[in-house]
Amino acid sequence: MLVILTALFVTGWVAVALIGSLTYFLGEQSKPIHERNWRSQSFETLSTSITGKQIDFSDRVPAFAVSDAYSSHKLPNA
């Protein structure tokens, strides 16, 4: 009985991990990203291997304009 429960727990855990990874990478493939992560080769490789589809770069847009906090010189140096 304990073996069956253990096997069921492990199977459920693996299924949740796979579904969660698939959901994460499908979401990340389509949402806006910051320019420092634009066309990240390691993300592309991992995402393609998990989801089985290529990233459509026409759907991905930069998340920040040129005048965001990273490039602004108007912010004080705290």
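Nothing here was measured: the structure is a model prediction, and the numbers come from that model.
A donor-acceptor contact shorter than 3.5 Å is absent between the side chain of S21 and the backbone of L18.
Sparse packing is recorded around CD1 of I4, with 12 or fewer heavy atoms of other residues, nucleotides or ligands lying under 6.0 Å away.
To the nearest 0.5 Å, atom CD1 of residue I50 and atom OG1 of residue T23 are 11.0 Å apart. The OH atom of Y24 sits 9.0 Å away from atom OG of S47, with the distance rounded to the nearest 0.5 Å. Taken to the nearest 0.5 Å, the CG atom of L22 stands 7.0 Å off from the OG1 atom of T51.
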